[in-house]
There are 2 protein chains.
Amino acid sequence: MPIDRKNEILPGTLEMLVLKTLSLGALHGYGISQHIRQLSKDVLQVEEGSLYPALQRMELKGLVSAEWKITPTKRRARYYKLTAAGRKQLGIEQSSFARVVEAIATVMQPES
Amino acid sequence: MPIDRKNEILPGTLEMLVLKTLSLGALHGYGISQHIRQLSKDVLQVEEGSLYPALQRMELKGLVSAEWKITPTKRRARYYKLTAAGRKQLGIEQSSFARVVEAIATVMQPES
DNA sequence: CGGCATACATAGATCACCTATGGGTAGGTG
DNA sequence: CACCTACCCATAGGTGATCTATGTATGCCG
């Protein structure tokens, strides 16, 4: 099946969204998912099967660091926070994304 | 290697860009590639290894139709044009894309 | 005590895209 | 003429992000 974009994020943007979310404060996976979903009014649905592997990749790359903690609701959860490299990467991805989206907008603009 | 976005289009947007280009008139693959590249001021580089398979997929899906012709420069080239289904699909993808980009912008907005 | 929301994790598959490579032609230039 | 560059098509092979599906476990509420 081709790309569906019904409940789905744009490939390549998940990492940026996660970095941005974590720039507001440390958070666990489930919380990240909820945050993105709520802010985007359910347009961006971050599937768990996408998010957890992404977090692991990002930890491997040194963009985030992780720590087991207990949530306010008394559950064990893995809290992630931005590293310095992660904060830098957020800036890079953000401007790169803006650049590409603007280029796409230019191409999509011609009236006829 | 992770996503590079140096010369590269956003995954999932190539089809939309091609549909838009063809909505301006029938064109061959090479011309489509040049058009997107020039309009985007070299930001969007459509690789041939991405484009030709994409055109074939789109033909299979009935979004475009193809015909061998001779270019003004006297070369044989495969001209593609939008079908009715393709024009409809362009509208769908365009609004879907706008919707997702706006959602991303909302998530990326919070100041701190 | 059954069900739901919370919370993490992985295997397997898919699919768009990239890299690399191949072939071929028209037109100009040394 | 030989060569080069721009034009034009095509495919094999690989990568990598994402999705689907599934599994585990716990706190809480009715």
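Here is the naming used below: chain letters follow the sequence lines, and residue numbers restart at 1 for every chain.
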Quiz item: Atom CG of L55(A) to atom C1' of dC8(C): distance rounded to whole Å?
Solution: 11 Å
Quiz item: If you pin P72(A) and S50(A) to their nearest nucleotides in DNA chain C, which one's is more 5'?
Solution: P72(A)
Quiz prompt | Euclidean distance, atom CZ of residue R57(A) to atom C1' of dT15(D) [Å, nearest integer] | solution = 12 Å
Exercise. Rounded to the nearest angstrom, tell me the gap between atom CE in M58(A) and atom P in dT18(D).
Key: 10 Å
Practice problem: Would you kindly give the CD-to-P distance between E67(A) and dC8(C), to the nearest whole Å? | Solution: 13 Å
Quiz item: Heavy atoms under 4.0 Å, any strand shown: does E48(A) hit a base, just sugar-phosphate, or nothing?
Solution: base
Quiz item: Does a sphere of radius 6.0 Å around CD in E102(A) hold more than 12 heavy atoms from other residues, nucleotides or ligands, not counting ones at 6.0 Å or beyond?
Solution: no
Exercise. Using atom CG of L60(A) as one end and atom C1' of dA17(D) as the other, report the distance to the nearest whole Å.
Key: 15 Å
Quiz item: Which whole-number value in Å describes the distance from W68(B) CH2 to dC9(D) P?
Solution: 6 Å
Quiz item: Roughly how many Å is it from CD in E59(B) to C1' in dT11(D), rounded to a whole number?
Solution: 16 Å
Self-check item: Distance-only donor-acceptor test (3.5 Å): side chain R78(A), base dC8(C)
Solution: no
Quiz item: When we call it a touch if two heavy atoms are under 4.0 Å apart, what does G49(A) touch: a base, just sugar-phosphate, or nothing?
Solution: base
Exercise. Answer with yes or no whether E47(B) presents, from its side chain, a donor or acceptor under 3.5 Å of a partner atom in the base of dC17(C).
Key: no
